[in-house]
There are 2 protein chains.
Amino acid sequence: MIGEKFKTLLSKNNLRLTSERMRLFNELKDSPAPLTINNLVKRTSDTLDQSTVYRNLDLFEELGVTHRVYTGWKYKVELSDSFKSHHHHMLCSNCGVVIEFHESKELIKDLDRISKKYSFNISNHSLEITGTCSNCS
Amino acid sequence: MIGEKFKTLLSKNNLRLTSERMRLFNELKDSPAPLTINNLVKRTSDTLDQSTVYRNLDLFEELGVTHRVYTGWKYKVELSDSFKSHHHHMLCSNCGVVIEFHESKELIKDLDRISKKYSFNISNHSLEITGTCSNCS
DNA sequence: TAGCTTATTGCGAAAAATTTGCAATAAGGA
DNA sequence: TCCTTATTGCAAATTTTTCGCAATAAGCTA
């Protein structure tokens, strides 16, 4: 169960599992596409204060629960690889649809090559594509 | 000359070449790494008003003169491929250094494959890597 | 289960970032 | 050099994000 992992992570760090955190986590989990902070503030405004949203998003990021992706004009937040399988995005600049796709072995190899070439220890990477989807072009 | 291209682009769109725009463009051109909007506001505050910076960065983006890259916590602005050769970034999460690198043929092939698979017409892509640089690890 | 400790929340307000209206200025074509 | 109008600076409004603090509630302990 994905929620269990979240709960464990919190307690391991002496952090409390509050209904607010659960709400935010679920909001992210249930979203088919990354959300802006503003999206999250609005979606939860019935029960959560904006400061709670901000504080917890910072926390989530620190804990590695979420990461920010930059699709389009503003960055957005989504669950990170530990909670959702690693993937990348294609953003249609016409209709705004976001398509997720998984990376190829070739890309992984390529990253490995780059890592060696620059003696750079890669911990994370993001690949974001923009263009027009099949419907729009 | 790279500046010429910029000038031509402006006049083609019935936009005027002002000293403020030139200043902003040069600030971007001369920077070895992408800049945050705030960086630009501060760097030019001796002669440019913040609203001028914001308005022109929007314009630059629309014209395709710049694009936003997401390295680290906030997004940054840099000249786009037409004005600076296409490249990607590695950000050291320890010391903050940004290393540029050029993409491989393999990556291009891979993008092409993805494009076909999803019938997605790719106009742009970004690959951002984080980790630790050779000095820090 | 009740009590205790303290992490977390909501609230209100402050600070920072971004946008806007408008009069004054200056780019660039005639 | 003149004229038209895009662009700027200024000041103020909005929007976004942060912060201090008292009230609340999570979760450990007895």
Side-chain angles (χ1 to χ4, degrees), chain A residues 3-28 34-63 65-78, chain B residues 3-28 34-63 65-78:
Chain A
E4 289 309 314
K5 200 169 181 178
F6 175 60
K7 292 176 188 174
T8 308
L9 185 60
L10 287 176
S11 74
K12 268 189 186 170
N13 287 77
N14 273 317
L15 296 167
R16 293 178 183 174
L17 176 65
T18 64
S19 61
E20 291 80 5
R21 281 177 183 157
M22 209 60 222
R23 169 79 190 277
L24 212 46
F25 180 83
N26 283 326
E27 209 69 55
L28 287 162
L35 300 169
T36 62
I37 295 185
N38 196 250
N39 284 336
L40 285 163
V41 168
K42 281 182 185 155
R43 285 184 188 208
T44 59
S45 64
D46 54 330
T47 46
L48 307 202
D49 187 77
Q50 51 176 202
S51 63
T52 300
V53 175
Y54 277 98
R55 284 192 275 232
N56 280 313
L57 286 181
D58 280 357
L59 187 73
F60 284 9
E61 187 98 13
E62 262 183 72
L63 289 173
V65 172
T66 57
H67 62 225
R68 296 182 171 197
V69 291
Y70 175 63
T71 45
W73 188 248
K74 308 209 82 181
Y75 58 69
K76 298 171 185 174
V77 181
E78 71 174 0
Chain B
E4 289 310 314
K5 200 169 181 179
F6 175 61
K7 292 176 189 173
T8 308
L9 185 61
L10 286 176
S11 75
K12 267 189 186 169
N13 289 77
N14 272 319
L15 296 167
R16 294 178 182 174
L17 175 64
T18 63
S19 60
E20 291 80 5
R21 281 177 183 158
M22 209 58 221
R23 168 78 189 276
L24 212 47
F25 180 83
N26 283 328
E27 207 70 53
L28 287 162
L35 299 169
T36 62
I37 295 185
N38 194 250
N39 284 336
L40 285 163
V41 169
K42 282 182 184 156
R43 285 185 188 207
T44 59
S45 64
D46 54 328
T47 46
L48 306 202
D49 187 76
Q50 51 175 201
S51 64
T52 301
V53 175
Y54 277 98
R55 284 191 276 231
N56 280 312
L57 286 182
D58 281 357
L59 186 74
F60 284 9
E61 186 98 15
E62 262 182 74
L63 289 173
V65 172
T66 57
H67 62 225
R68 296 184 171 195
V69 291
Y70 175 63
T71 46
W73 190 246
K74 309 208 82 181
Y75 58 70
K76 298 171 184 173
V77 181
E78 69 174 2

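Chain letters run A, B, ... following the sequence lines, proteins first and then strands; every chain starts at 1. Keep in mind that what you see is a predicted model, and the values were worked out from it rather than measured.
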How are the rings of A/Phe60 and A/Phe6 set relative to one another: parallel (under 30°), tilted (30 to 60°) or perpendicular (over 60°)?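 A/Phe60 vs A/Phe6 ring planes: perpendicular.
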I'd like to know if B/Lys7 pairs up with B/Glu4 as an ion pair, taking the criterion as any Lys NZ or Arg NE/NH1/NH2 lying under 4.0 Å from an Asp or Glu carboxylate oxygen.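 The answer is yes: the pair qualifies as a salt bridge.
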For the pair made of [atom1] in [X] and [atom2] in [N], what is the distance, rounded to whole Å?
{"X": "A/Leu17", "N": "D/dC28", "atom1": "CG", "atom2": "P", "answer": "11 Å"}
{"X": "B/Leu48", "N": "C/dT25", "atom1": "CG", "atom2": "C1'", "answer": "15 Å"}
{"X": "B/Ile37", "N": "D/dT15", "atom1": "CD1", "atom2": "P", "answer": "18 Å"}
{"X": "A/Tyr54", "N": "C/dA15", "atom1": "OH", "atom2": "P", "answer": "18 Å"}
{"X": "A/Leu15", "N": "D/dG27", "atom1": "CG", "atom2": "C1'", "answer": "13 Å"}
{"X": "A/Asp46", "N": "C/dG10", "atom1": "CG", "atom2": "C1'", "answer": "14 Å"}
{"X": "A/Met22", "N": "D/dG27", "atom1": "CE", "atom2": "C1'", "answer": "16 Å"}
{"X": "A/Asn14", "N": "D/dG27", "atom1": "CG", "atom2": "C1'", "answer": "11 Å"}

Could you state the interatomic distance from CG (B/Leu57) to CG (B/Leu28), rounded to the nearest 0.5 Å?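 Those atoms lie 7.0 Å apart.
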How far does CG of A/Leu40 sit from CZ of A/Arg23, to the nearest 0.5 angstrom?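 With rounding to 0.5 Å, CG (A/Leu40) is 10.0 Å from CZ (A/Arg23).
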Between B/Asp49 and A/Asp49, which residue's closest nucleotide on DNA chain C lies nearer the 5′ terminus?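 Per heavy-atom nearest nucleotide, the more 5' residue is A/Asp49.
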When you match A/Glu20 and B/Ser11 each to their closest nucleotide on DNA chain C, which lands nearer the 5' end?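 With A/Glu20 and B/Ser11 compared, the 5'-side residue is A/Glu20.
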Tell me whether B/Asp49 contacts the main-chain N or O of B/Ser51 through its side chain, where contact means a donor paired with an acceptor under 3.5 Å.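 Yes; at least one donor-acceptor contact below 3.5 Å.
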Is the phosphate of C/dT9, meaning OP1 or OP2, less than 4.0 Å from a side-chain N or O of A/Asn56?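 So the side-chain polar atoms of A/Asn56 do come within 4.0 Å of the phosphate oxygens OP1 or OP2 of C/dT9, strictly under.
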OP1 or OP2 of C/dT19 less than 4.0 angstrom from a side-chain nitrogen or oxygen of B/Ser51, does that happen here?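 No, B/Ser51 has no side-chain N/O under 4.0 Å of OP1/OP2 on C/dT19.
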Counting the atoms with a prime plus P, OP1 and OP2 as sugar-phosphate, which does [X] contact under 4.0 Å by heavy atoms, base, sugar-phosphate, or nothing?
{"X": "B/Thr36", "result": "nothing"}
{"X": "A/Ser19", "result": "nothing"}
{"X": "A/Arg55", "result": "base"}

5' priority, DNA chain D, between B/Gln50 and A/Asn38 [closest heavy atom]: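 Its nearest nucleotide lies further toward 5', so the answer is B/Gln50.
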Proximal nucleotide (of C/dT9, D/dT8, D/dG9) relative to the B/Thr18 side chain: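 Closest of the options to the side chain of B/Thr18: D/dT8.
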